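The structure displayed is predicted, hence computed values, not measured ones. Quick note: numbers below take in every heavy atom, side chains included, and nothing from hydrogens, waters or symmetry partners.
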Amino acid sequence: MADVATLGVGVDTSNLRAATSYLDAWAATAMRTEKAIGAAARAMGILSDNSRLSGSSISKIGAGIVDLGTAFAKTIGKSTQLVVSLKELRITVTVH
């Protein structure tokens with residue numbers, strides 16, 4: 001007669017379950033981090049665009065100030081020429 005034996009095998013999977021739980025939490029954190037980085041990148045892009053536009057505007061203002069200064073200098077020069085011409089005609093000009 002043949003002997004029959006039964007072998008029982010038990011496997012403790014508690015560490016595997018804990019590791020799976022840890023990896024799930026890590027994946028969720030990674031997804032939130034990815035979203036936050038995407039939002040930060042978009043915000044930096046907007047900031048960069050605004051800075052570029054501001055810089056362009058400031059450059060235009062500076063050029064306008066230079067043009068204004070040039071126009072004032074020409075006006076002063078023409079005014080001086082007018083005063084000299086009027087003096088030659090013996091006309092007195094008083095500015096109040």
Side-chain angles (χ1 to χ4, degrees):
M1 180 172 200
D3 291 331
V4 177
T6 302
L7 178 62
V9 177
V11 178
D12 180 10
T13 60
S14 61
N15 287 337
L16 180 59
R17 283 189 301 245
T20 300
S21 176
Y22 172 77
L23 287 174
D24 287 344
W26 184 81
T29 300
M31 292 294 283
R32 287 191 304 273
T33 302
E34 183 180 13
K35 287 179 183 178
I37 289 171
R42 287 188 297 279
M44 289 299 290
I46 291 168
L47 179 61
S48 175
D49 291 344
N50 289 343
S51 295
R52 186 178 64 253
L53 292 172
S54 295
S56 175
S57 296
I58 290 169
S59 294
K60 289 177 183 177
I61 289 169
I65 290 171
V66 169
D67 291 345
L68 182 61
T70 302
F72 277 137
K74 288 180 181 178
T75 300
I76 290 170
K78 295 293 182 182
S79 297
T80 303
Q81 289 173 358
L82 177 61
V83 169
V84 169
S85 296
L86 292 174
K87 282 184 180 179
E88 290 174 357
L89 295 172
R90 298 181 194 260
I91 298 173
T92 305
V93 176
T94 305
V95 179
H96 298 281

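Rounding to the nearest 0.5 angstrom, the gap separating the NZ atom in Lys35 from the CD1 atom in Ile37 is 13.0 Å. Once rounded to the nearest 0.5 Å, the distance linking CG of Leu68 with OG1 of Thr75 reads 9.0 Å.
The backbone N or O of Leu16 lies less than 3.5 Å from a partner atom in the side chain of Thr20, making a donor-acceptor pair. A donor-acceptor contact shorter than 3.5 Å is absent between the side chain of Ser48 and the backbone of Met44. Ser51 contributes a side-chain N or O that, together with a main-chain N or O of Leu47, makes up a donor-acceptor pair within less than 3.5 Å.
Judged by distance alone, the side chains of Thr29 and Arg32 do bring a donor and an acceptor atom under 3.5 Å apart.
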